[in-house]
Amino acid sequence: MLILHCPCCGVDAEETELHAGGEAHIKRFGPGSDDDQFHDYLFMRENPKGVHFERWQHANGCGKWFHAARCTATLEVFGTYRAQTTEPPKDIRDAITAKRPGWVWREFS
Amino acid sequence: MKHYSAFAVAREALRSHTGWERAWRSPEPKKRYDVIIVGAGGHGLATAYYLGKNYGIQNVAIIEKGWLGGGNTGRNTTIIRSNYLQDPSAAIYEKSRSLYEHLSQDLNYNLMFSPRGVIMLAQTHHEVRGYQRTAHANALQGVPTEWIGPQRVKELVPIINLEGPRYPVLGGLWQERGGTARHDAVAWGYARACSAMGMDIIQKCEVTGVRQENGRVTGVDTTKGAIECEKLGIVVAGHSGQLAEMAGFRLPLEAVALQALVSEPIKPCMDVVVMANTVHGYMSQSDKGEMVIGGGTDGFNNYTQRGSFHHIEETVRALVETFPMISRLKMLRQWGGIVDMTGDRSPILSKTPLGNCFINGGWGTGGFKAIPGSGWGMAQLMATGHSPLTEAFSLDRFKEGRFIDESVAAGVAH
Amino acid sequence: MSEPISALNGARYDGIATIEELGLQGMITLRGDLDEKGLAKAAAAATDQQMPGPRKAHVTDDSGLCWMSPDEVLVLVPYAEVEDKLAGMVKALGNSHALAVNVSDARAVFRVSGTHAREVVAKLAPVDLSDGAFKPGDFRRTRLAQVAAAFWMEEDGAFRIVCFRSVADYVFKLLKVAAQPGSEVGVL
Amino acid sequence: MSTRLSKLGRLIDRTKQVSFSFNGTTMRGFAGDTLASALLANDQMMMGRSFKYHRPRGVVASGAEEPNALVGLGEGSRFEPNQRATTTELFEGLSAKSQNHWPNLDFDIGAVNTAFARFLPAGFYYKMFIHPQPFWKHVYEPFIRKSAGLGKAPDAETRDADTYEHFYAFTDVLIIGGGVAGLQAAKAAALTGVKVLLVEQTAHWGGRAPVDGGTIDEGPVDKFVEQIVSELETMDNVTMRLRCMGAGIYDHGYALAYERLTDHAPQVAGPRHRLWRIRAKQIVTATGAIERPLSFAGNDVPGVMLASAMRDYVVNWGVTPGERVVVATNNDDAYRTAITLKNAGVDVLRILDARASGGGALADEVRALGIRVDPGKAIAKVSGGKRVKKVSICNQEGIGGARDEVSCDAVAMSGGWSPVVHLWSHCGGKLIWDDAQAHFRPDPDRPPLGADGAGFVSVAGAANGALALGETLSDANAAGLAAAKAAGGKAKRPKAPLGESAAELPMEPVWLMPANADTPLRVKSWLDFQNDVKVSDVQLAAREGYESVEHTKRYTTLGMATDQGKLSNINGLAILADALNAEIPQVGTTTFRPPYTPISMGAIGGEARGEVFQPIRRTPLHDWHDRNGADWEPVGHWRRPYAYQLPGESVEAAVNREVKNTRENLGLLDASTLGKLIVKGPDAGRFLDMMYTNMMSTLKPGKCRYGLMCSENGFLIDDGVVARIDEDTWLCHTTTGGAERIHAHMEEWLQTEWWDWKVYVANVTEQYAQVAVVGPNARKVLEKLGGMDVSKEALPFMEWRDGQIGGFDCRAYRISFSGELSYEIAVAASRGQAFWDALTEAGKEFGVMPYGTECLHILRAEKGFIMIGDETDGTVIPQDLGLHWALSKKKEDYLGKRAQQRSHMADPDRWKLVGLETVDGSVLPDGAYAVGEGTNANGQRNMIGRVTSTYYSANLDRGIAMGLVKHGPDRMGEVIEIPGTDGKSYKAKIVDPVFFDKDGEKQNV
């Protein structure tokens, strides 16, 4: 049972209040993109055994989307943050580095 | 290989069963094999078995990180059916189901394949129409299924509650030759047969790298050293992504947890498999007498083989409503497995960007029932470069928008 | 014109707590920048309440403000006055970017009170309702069993619960089960 | 025989007699008895039959670990199979039946399996029953299932008479186990001021320490328990629950506790079970330890019992399992049983101590009591069928040549103690092997990790391997304090009480008795009593290559019984390790999974049963529909009338009547379930242009437009009429059940992709009761009610107006999903019923009738309008449905546009929407497929299309259908073949999908 801190309303919400939204920080490709770009945008998800960035919605709560940095192997949560960003903020990255030196995720590290 | 039979057991009984030989050898890896299969689960072992049986390719190693059959093959709810809607699914699952019919004899190992029949309940008008559609499709696909009414459902499943206050049972899609099998035995039976063909099953050996030269696979690095091969098959369920990364390509897969549970054993009370997709639960009774119960997957990427309890809760309350008599039975054990899911929830059996490297994965929640068919098709693909069974399940379908979506007819892929 | 009728027309149940459907409550969903002065003023004007902080409700009788999310506040006004209050609010908001809409009829309101009120709600909502953790004026959006709901504590041991009108019957039955005789937990 | 003693029995009240029945025989016990102790008091040692061989089984333990004494409890709607007699509290009128035998417990046909045991070794069924193929399902399997299965199944129509509930609890420290360790840990934690929740599975505090003796702070253990309990009860930061078992520990500090409220008192009101869903910052498992049996021949004969259990029965319930007892042990603890028995007046004939050196201080005490102690001796075998008759004695070192025999009626055995590590392990806690005590215990360096990456579970007392009373208490004290600190408690240094117990010599592992027992003995040495797994079975598995502990477990079924191996696992592991010449830690354990002991399905489901199984959403008109013959159809969580049956009318007839009446007179439809979303803001138009395939930004205020929504993957997901309310406000209608989905869809894009766009969305679906007023008389009835001008001029097709009708404030939309003159009128939900009444009243003279969803479907099908969920199924794009006109060419982008450019979606061979008419006018079967020539590479018949909607049209008096057909629109007039599953094959002509009023004359009046 995951318990995540909603940065929008401050509630430590258990999973039954949350809706999982899959990988975070995905750039949208629309008309004009080539087949590979579009394919990767829709289907090619990071699937790391380790540090992962994902989207969650506080569905049975304030209704807002937020992001979580989580380890898929231990379910450790490094932090949650607002969804209105194209990359994980520095404090989150630092928190991860402190726990998982040398971690890499897509272009982030 | 010593032949298994009642007579053999009787003979052995007289000498206190001291004469049984190992079901499979446990060799050290050779330097080189024609084919290496990574993953000694059902799919990997079946692939190896049909490579040997159908194509005479027997210089094969099956490499397993843990113990053979220790992954999802030994963690599922053992349902076997082929009443799928889309042509490619119906083809491979029906091939699989029909192979199961005679697999115990073929492998000389009793898998306890029990064609007790599978019902998929329709509890809304939408589901009724969905399953009637499936029945029509199945008739043209050579998959014997039948739409049945509530009374027939009740005859087949006396413990069912037709008049649930929320969803009455409006009928169901009935596949008489669907059923269950003993999941561990499937892995053990294939392993024994592979070993007998001279194939090497190398357990507790983890692949740490994939070797390649100018675009073609040449072997693998393992915790037991480097092993060369002509062709490589990656058949590792939840860990397909990790292996693909070693081979230098990515897969449209995500790993999530799927949970199941069993009740304490009781005397036989339900002789068919029932799936209730509107309320998300399915149940059958094992030969031990346990009610074997499963539901949907957890929603997030997870490699822990543990799920969240509320999914168990949702499944159980659905089944208590559907089968009220289980209310006072007790949950004996719950567990989880890691399944890898694709964009259309259908599997990938395909060539890969790396020459002579093949992938078989993405079975999601539907893998066990597919083991023989998957192995059959995968062996054909690896041996000949083409298989009608696997063609539609290629990697490029996502780019072309050519999906194989089974959810459309109210069905789920369990 | 005939009298408006609430979802359950004032149903009531007495168990280890008392469950009452309260009839119609004027409600306006107000979305916008809660820190923006004009918006806060418009909300205050309609309710005589200051803008509450996160997870708080400022309510007296039928009037008040409940913090729903960083850009949404639930405005409570007497049912009879909702159209006027809404019009006034829209006027006050002028052409600042905000949305105010009447949702009075889309909701049902319950009162759960009595010694075991906290326990009754704690059987259905995954929320810490111990007296140290949930006090009068605290507000929470969450779920009751299988439906979304929001509640606040109006005085110690008395909750107001808001849910969608279509599930009022379900929520009432849920609360009845949770308040059945002999089901005291004895910890909250 | 087993019998009640005249003294002892700390848990029973001899003044309160309780009568109960076992297999129909009435028996008596005392309040405080368990069913097991009461049965023993009535000399009922045999309590069941084993799973595989149906061997006689007596109670072997005294608590949750019991594998043998399982009974069917209660009757009818309260019947429960597989209930452990050892954890069932006795109550007046309790009725129990033993299990897994026929015709009765004493004489069981199934017991012939014992005679064939040698033919039924581990995994025999994998090697047999292979030929002939059909026999498995029809002959072998039914036999195996019947002889297996254990408890009786409740009757098919059983409805559980009890209720269940959940409770969400939050605490700083959760302590599982209310023995002296749990109590002390709770106190240590509570003194720091943190919130503590202490749960104990039995009905008593103190665990087994009061039975085992010793002193705490120089007083008796019972006194200490009494004191600390009353102390904790006075602390308001402590919550204590009895009959509440820690069932499972899950990620992020989530735990389940299973509280049995009325199992011991069925007459009491309230729920039967309560499932606690606990969020704890820290969890301490003080779950104690379980004694291991010894593996010797005949260790499964009724009367052979764990030494500690025998002690429990004497001390707690004043019952002795036998009158002449032999004790076999590899440790000092079992001597306590001998002392207890002797002091209770029971003959203890021998103590066979497998250790050559014999025992320590306790042994001296035993000798002083005149009990004979034989060091280095072992049990060669126990003889007896349904009851122990005699014990043959041999040297522990040897193959089992018996030297001596003792006739007795009970045997107490002790193979050492295993900590209960289940809960520690549920969430990933790892174990280490303790050589000195020959058991696995939690590895403090590898605890379960919480959300913060730090350990959140710790262990206290015997569960941690601290077996001696003194260690138990100091270990628990430290554990409680540490957990409290980790949970934010302020440092306090509570002193651990001083526990003193007799000094003990080290135990010596004994995995097989005697050490080199020969085959005839090993095939009679049980490891798993319930599943009939013997030493020889595990050795066979190892020999056949099932070397992984998981393989052995699954091949032999060791540890798969209802006790999940609580007694058998370690002994089995040791035998396996020996067979593999490996160390036990290398072999490792199987995975521990929740729950600790089985918990009821009812408790897991909680309140969600019957009426509140799932929410049913009701419109403001629900009750009216119900009173007026509605045949309900679930649509998502909504209920909608499928049709309204008049008395004596069939559903089909009702539908046809509604169809004709709506076209000829006047129909009313409750359209309240259609979603209504307000979208407002400077960027709302731009936003809707992305959401819909059509251009919505150009819609004029006061006007409506039909719109399509696609997923980013290109497929149709929803449709509906969009009305522009004012310059920056739109109202979007969605499908029934689409409201929440589409609202969430919009919010997701606004919050996570276009967060800089100025748009707000609100779901106002339930604010309104919306009624579709449909048919030639629609305008007449509205005009009769009076109010706003609804004339063709004032309210043209595809426009809307606010106003009043019949005195109701409303918004009227001139839209049509039926091709008729049609208005959809929205009024406040709280006035919906009154408005509907007004319409039905005023409509009488115009032939008003309500109509349901099936009529709605037929009317739209007659007009060739698509229905989301019928023509679409998640694989259909607008282009397939000939909806190109709704795909804006002007827009660079909208959700799904790029996807629809992919090769397969641009493929001219995609199946396209057409109308279908059977040549003979009959109705096409739903979901049928059209076939082409030949078969595909997999031998499947080639298909060229399918039926998406098919109805009987009362207006046209023939079957009409829509379908998707390959090259369909280019094949007008062609006849295609559509095989049914009814044996018939249908011939259908491809036609235009608009069957009725092609020029739309009826709606444009």
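Reminder, nothing fancy here: chain letters follow the sequence lines and each chain counts from 1.
- To the nearest 0.5 Å, the span separating CZ on D/Phe167 from CG on C/Leu188 amounts to 4.0 Å.
- Side chain of D/Gln767 to main chain of C/Ser104: a donor-acceptor pair is present (N/O by atom type, distance under 3.5 Å, no hydrogens or angles).
- With rounding to the nearest 0.5 Å, the separation of CG in C/Asp128 from OH in D/Tyr168 is 13.5 Å.
- Of residues 79-101 of chain C, those residues with a non-hydrogen atom less than 4.5 Å from any non-hydrogen atom of chain D are, in numerical order, C/Tyr79, C/His97, C/Ala98, C/Leu99, C/Val101.
- Of the listed residues C/Val167, C/Leu174, C/Thr29, the one with more heavy-atom pairs under 4.5 angstrom with chain D than any other is C/Leu174.
- D/Glu607 CD to C/Leu144 CG: the interatomic distance, rounded to the nearest 0.5 Å, is 10.0 Å.
- For D/Gln833, no part lies near chain C; criterion is any non-hydrogen pair under 4.5 Å.
- Heavy-atom distances place no part of D/Thr619 under 4.5 Å from chain C, backbone and side chain included.
- For the pair D/Trp638 and C/Ser166, the tightest heavy-atom approach, listed with the atom from each and the gap, is CH2-CB, 3.6 Å.
- With a 4.5 Å cut-off on non-hydrogen atoms, C/Ala125 touches chain D through its backbone but not through its side chain.
- Heavy atoms of C/Pro181 lying under 4.5 Å from chain D belong exclusively to its backbone.
- The most heavy-atom pairs under 4.5 Å with chain D, out of C/Ile16, C/Val127, C/Val177, come from C/Val127.
- Contacts between C/Asp33 and chain D at a heavy-atom distance below 4.5 Å involve the backbone alone (N, CA, C, O).
- There is no contact between C/Leu129 and chain D, counting heavy-atom distances below 4.5 Å.
- The structure places CD of D/Gln751 at 7.5 Å from CG of C/Asp71, a figure rounded to the nearest 0.5 Å.
- The heavy-atom pair separating C/Asp105 from D/Ala828 by the smallest distance is OD2-CB, 3.4 Å.
- Contacts between C/Glu184 and chain D at a heavy-atom distance below 4.5 Å involve the backbone alone (N, CA, C, O).
- Each of D/Asn763, D/Val761, D/Val764, D/Leu261 has some count of heavy-atom pairs under 4.5 Å with chain C, and the biggest count is that of D/Val761.
- The minimum heavy-atom distance linking D/Gln614 with C/Tyr170 is given by the pair C-CE1, 3.9 Å.
- Contact of C/Val147 with chain D is made through the side chain alone, with heavy-atom distances under 4.5 Å.
- Under 4.0 Å is where a charged nitrogen must lie from a carboxylate oxygen, and between C/Arg31 and D/Glu747 at least one such pair does.
- Within the 4.5 angstrom heavy-atom criterion, atoms from both the backbone and the side chain of D/Val612 approach chain C.
- Looking at heavy atoms from C-beta onward, D/Glu165 lies in side-chain contact with C/Val185 at the 4.5 angstrom threshold.
- Remark: side-chain polar atoms of C/Gln146 are paired, donor with acceptor, to backbone N or O of D/Phe613 under 3.5 angstrom.
- Remark: side-chain polar atoms of C/Gln180 are not paired, donor with acceptor, to backbone N or O of D/Gly270 under 3.5 angstrom.
- Expressed to the nearest 0.5 Å, how far CZ of D/Arg274 lies from OG of C/Ser183 amounts to 7.0 Å.
- Chain D forms more heavy-atom pairs under 4.5 Å with one residue of C/Gly186, C/Gly32, C/Ala168, C/Gly132 than with any other, namely C/Gly32.
- In this structure, the separation between CH2 on D/Trp276 and NZ on C/Lys123 is 10.5 Å, given to the nearest 0.5 Å.
- Only the side chain of C/Ser130 comes within less than 4.5 Å of a heavy atom in chain D; its backbone stays farther off.
- Chosen from D/Ala762, D/Ala269, D/Pro271, the residue pairing most often with chain C at heavy-atom distances under 4.5 Å is D/Pro271.
- Per-residue counts of heavy-atom pairs under 4.5 Å with chain C were compared for D/Val268, D/Ile678, D/Val759; the largest is that of D/Val759.
- Ranked by heavy-atom pairs under 4.5 Å with chain C, the first of D/Arg279, D/His637, D/Arg241, D/Arg277 is D/Arg241.
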